[in-house]
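Notes for the one structure printed next.
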Amino acid sequence: MAAAREADAALAAGEEVGPLHGVPIAVKDLSATKGIRTTYGSLLYKDRVPDADEPAVERVRAAGAVIVGKTNTPEFGHRLITENRLGEPCRNPWDVSRTCGGSSGGSGAALAARLVPLATGSDAGGSIRVPASFCGVYGIKPTMGRVAADYRRPGGWRRLSQGGPMTNDVRDAALLLQAMAGRDARDALSLRETPPDFAAAVNAPDVRGLRIAFTEDVDGAAVDPQVRAAVRRAAGAFEAMGARVEEAAPAVETVKGMELLMTLLLADAAVELLPALNIGLGAQMSPTLVEWADEAQSWPLTRYVSALRDLEWRRSAVADLFDVYDLWLLPTMATTAFEVGTLPERVDGREIDPRWEFSPFCMHANLAGNPAASIPCGFSGDRLPIGLQLVGRLGDEATVLRASAAYEQAHPWAHARPEGF
């Protein structure tokens, strides 16, 4: 409230203000916030108050945004549901018996409940797009390195994670991404180029002439029929708007992709958590996180080296697709939000691995580093949101935003709200 009063006073005094001046924003609790408790979803940090902001937080403050609170996350962002040992699970405003997804689940829920117009997220394997899909909001994972982060923090997931905006409409996402993006010396992987004008990309959006590859599933992954139908309708909508839509996909295997993703993530977890585990703090951590670290420590070095080589070939396969197409359209999730405290064991009548096969599509953009957004594209019969995913070329968030805005203009979603919100 003090910051809001200061923002009012600055306007009244005619001072020069930033593009987000006075706008309320919520920050995912994996990002350090100066003077505001930052727990990383962990009992180990339940009372930590940082003395400095993470780079993207510095940028949104400099743009004038007012931080109204931190949003819930699983411990160190390690799961695609938002449950940790600090408190109750984070719930979905569309149905509070359901998960909001994760790991940026608190941001997705806060937006769907209209607590804030802007929120930040981070995404190492779908953690912006999963809650965006489950909560019926917009989220974009930028190109790897577009938004700088301090990867010395817990939950950095260094090779795969990228911070980005979550909002209720595309224009707000473009404005927030403009504020968040940019080089920072604390992040060796942050892009040195000046970010494009993302706000300009959503002015008078048009998809005529764009070439879009469309995939209902990747490598035969199970997909709920209602999700499949909604995403197919969205593909038809892009065609009706003048894009050239063709069924195509990169030559990637889903199961091998998940093995690759988990090898990289678990190895990272083992390195980060080993000091805490060595002094007996594992009992305070999420059991799944400790299992991850223990498993990774048993691997031979050759597994990690092989994973890095596989990563190069996978990135090449995705780049081959974008030699022909401007965008890749596919489902965000295989299903809609499921009940809190559970993981789905079947999708479309097929048994799945409950640990990850409810989200078989998001990892492709993380492994390749490409920008990818989840766009609300309808509801299931029990009124749960469904998201479609748009993946763009490396460095081309502008086309992802432009196409997202064109779809939103033709099929608006921001007016749809959960009952009671």
Task: ring pair (Phe, Tyr, Trp, His ring centres under 6.0 Å) against Tyr138, all qualifying residues, sequence neighbours excluded - done: none
Open item on the list: Would you compute the distance between atom CG of Asp326 and atom CZ of Arg211 and round it to the nearest 0.5 angstrom?
Closed with: 4.5 Å
Task: Salt-bridge contact Glu75-Arg85 (side-chain N to carboxylate O under 4.0 Å) - done: no
Task: Any donor-acceptor N/O pair, Glu357 side chain to Ala221 backbone, under 3.5 Å - done: no
Open item on the list: I'd like to know if the side chain of Gln389 reaches the main chain of Pro331, judged simply by a donor and an acceptor atom lying under 3.5 Å from each other, with no hydrogens or angles considered.
Closed with: yes
Open item on the list: Show every ring pair (Phe, Tyr, Trp, His ring centres under 6.0 Å) that has at least one partner inside residues 224-243, sequence neighbours left out.
Closed with: Phe238-Tyr407
Open item on the list: Tell me if a side-chain donor or acceptor on Ser97 pairs with a main-chain N or O of Glu339 at a distance below 3.5 Å.
Closed with: no
TODO: Please identify each residue that fulfils salt bridge (charged side-chain N to carboxylate O under 4.0 Å, His left out) with Arg192, with sequence neighbours left out.
DONE: none
Task: Ring-face cation contact, Phe421 with Arg417, 6.0 Å cut, 45° max - done: no
Open item on the list: Does this structure show an ion pair linking Glu193 with Arg146, if we count only N-O contacts that are shorter than 4.0 Å?
Closed with: yes
- [ ] Could you tell me whether a side-chain N or O of Asp169 sits under 3.5 Å from a main-chain N or O of Arg171, the two making a donor and an acceptor?
- [x] yes
Task: Side-chain donor/acceptor of Thr73 to backbone N/O of Ser103, under 3.5 Å - done: yes
Task: Leu329 side, atom CG; Glu216 side, atom CD - distance, nearest 0.5 Å - done: 10.5 Å
Task: Pair Arg208 + Asp206: basic N to acidic O under 4.0 Å - done: yes
Task: Note: Arg186-Asp184 ion pair, threshold 4.0 Å (strictly below) - done: yes
Open item on the list: Assess the residue pair Arg37 and Asp29 against the criterion (salt bridge (Lys or Arg N to Asp or Glu O under 4.0 Å)); give the C-alpha distance rounded to whole Å, side-chain angles, the decisive distance to 0.1 Å, and a yes or no.
Closed with: CA-CA 9 Å; Arg37 189 168 69 117; Asp29 204 21; over 6 Å; no
